[in-house]
Amino acid sequence: MQRPKGTRDLFGEELASIRHVERTMSDVFKRYGYEEVETPAFEPLELFTKKSGESVVKQLYAFKDKSDRELALRPELTAPVIRLYISQLRSAPKPVKLCYFGNCFRYEEPQAQRWRQFLQSGTEIIGSAQAEADAEVIALSDEIMRELGLSDYELRIGHTRLLREVLAHAGVKGSAQDPIMRAIDSREEVRLRAELDCAQVKARDEKLLRSLIALRGSVKVLRQAEKLVAGLPKAKAALGDLHEILEHVRSFGAEKFTIDLGIARGLEYYTDLVFELYIDGVQVAGGGRYDELIELLGGDPCSAVGVGFGVDRIARALLGRGMIVPRERLDCVVLPAGEGVLSECLKIAGELRRVGLLVDIDLMGRKLSKAIAYADAQGAKGAIIVGTKDLKEGKVTLRDMRTGKQELVARRELVNKLKAVP
RNA sequence: GCCAGGGUAGUGUAGUGGUUAGCAUUCGGGACUGUGGAUCCCGCAGCCCGGGUUCGAAUCCCGGCCCUGGCCCCA
């Protein structure tokens with residue numbers, strides 16, 4: 001039997017790396033005051049089509065259950081978490097700060113760093129329209145990367161409302177902006193030109209737009225952008241928002257970012273701030289503000305900002321750098337030597353495990369020489385050899401697997417003796 | 001969905017029409033009936049699936065499945 005296409009079996013170093021990433025994220029989320037939530041792996045199909053339209057159905061694992069309900073495996077976690085908020089937490093004290101981990105599913109062709117089932121994590125701040133909320137989400141993302149030792153990541157920050165206001169000024173309104181936003185996001189000159197022609201954008205506005213999306217760099221580019229949109233108060237306000245967010249980001253202690261006004265995230269639900277995080281050219285996280293999604297999904301209008309992380313991609317980046325998570329070593333392996341000692345071995349293993357030691361025991365009925373080789377192969381620090389003769393005298397042999405030194409220890413002292421060893 | 005390159009024991013590989021499909025490693029056992037990492041011996045285990053061509057296919061052809069990567073899109 002083969003695995004379904006685009007899925008993976010996880011074990012060994014790779015799984016250890018993923019768990020390490022999850023643990024680190026979980027710690028940071030908690031430190032920032034987020035509460036963990038978990039939602040079902042499948043949801044009503046509508047939850048995902050509402051925000052992105054029918055076009056996403058072909059990238060969904062959508063199906064009907066035995067009662068003809070239209071369902072889909074979740075392709076991402078923001079919409080389910082927002083659904084949870086609307087149905088269970090709408091009157092919780094604001095802001096509602098949630099974090100989550102979970103598998104997501106997309107029916108796409110697998111390729112590098114892209115699978116049909118993958119792990120996402122993330123956070124959402126629901127109920128705050130303040131710039132400091134946007135800034136906290138960015139600061140948290142920065143902190144996670146630094147905590148993981150991936151401080152050479154690239155953080156790009158942009159603002160979709162800025163671009164949309166410029167388009168609105170040029171006479172392109174509402175959803176007519178979407179194809180243009182996608183073209184901007186693709187960074188393909190030809191495609192953008194075609195879309196702008198199609199929307200009959202005037203040369204002057206096109207020039208303004210092109211100048212804006214080409215802006216990239218430090219806070220200095222905000223000044224240039226301000227000059228460009230001087231005559232457009234709404235666009236200027238969007239820039240002011242971005243400026244304020246970045247001030248707060250710096251106060252939070254995150255200095256390392258690039259302003260990139262060409263980030264559009266066309267298909268997504270982002271309304272204002274947008275940001276993306278890259279490692280070695282691979283996007284590992286993305287986020288932003290989405291002030292319309294909650295209403296779209298049937299809740300009362302409410303602002304929200306959040307970030308999603310590609311857990312597998314981040315774990316892969318760690319492995320790619322040789323940053324392997326050291327495996328916890330067994331404290332000892334209990335080895336029966338001779339007849340009639342097995343039950344005593346099982347008792348010893350139980351006692352040691354109950355005081356928190358990492359203990360294995362030979363379950364293969366091996367002879368002592370093979371059993372010691374097994375203990376060695378498992379990387380155990382020590383072995384406890386339980387022999388017929390020693391046991392009759394109420395003793396067992398304690399062997400240091402590294403040095404090979406052995407000592408006889410009274411059976412009664414064994415637990416305390418081992419507990420004392422660091 | 002499309003494009004390119006691939007699929008031989010658990011892992012890594014040799015094998016281009018006729019081989020008991022070889023090697024290394026891993027795993028289990030033994031030499032070594034209470035002492036490991038060495039050595040030697042034994043054992044388990046494989047041609048992705050289905051058709052076709054042929055006296056004969058791991059090998060050639062077709063289809064599918066899966067893998068690696070690219071397009072689209074995205075984590």
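Naming convention: chains lettered A, B, ... in sequence-line order (proteins, then strands); numbering from 1 in each chain. We use all heavy atoms of the structure for the numbers below, so side chains are in, but hydrogens, waters and symmetry mates are not. Everything quoted here is computed from the prediction, not taken from an experiment.
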With A/R411 via salt bridge (charged side-chain N to carboxylate O under 4.0 Å, His left out) - residues at least two apart | A/E344, A/E351
Pull out every residue in residues 102-110 of chain A that has a heavy atom closer than 4.0 Å to any atom of RNA chain B, ordered by number, or say none.
-> A/R106, A/E108, A/E109
Expressed as a whole number of Å, how far does the C1' atom of B/U16 sit from that of B/C72?
-> 38 Å
Would you tell me if any nitrogen or oxygen in the side chain of A/R116 comes within less than 4.0 Å of OP1 or OP2 on B/A75?
-> no
Choose from B/G29, B/U35, B/A75 the nucleotide whose nearest atom is closest to any side-chain atom of A/Q120.
-> B/A75
Could you tell me whether A/D27 and A/R31 have a side-chain N and a carboxylate O separated by less than 4.0 Å?
-> no
Determine the Euclidean distance between corresponding P atoms of B/C73 and B/G15; express it in Å to zero decimal places.
-> 42 Å
Any N/O donor-acceptor pair, A/R114 side-chain to B/C73 base, under 3.5 Å = yes
Can you check whether A/F118 stacks with the B/A75 base, using ring centres under 5.5 Å and planes within 30°?
-> yes
Strand partner of B/G5, provided both Watson-Crick or wobble distances fall under 3.5 Å = B/C67
For RNA chain B, the residues among residues 393-408 of chain A that have a non-hydrogen atom under 4.0 Å from it | A/T397, A/R399, A/M401, A/G404, A/Q406
A/G122 near the nucleic acid: base, sugar-phosphate alone, or nothing, with a heavy-atom cut-off under 4.0 Å?
-> nothing
In whole Å, what separates the C1' atom of B/U20 from that of B/G36?
-> 37 Å
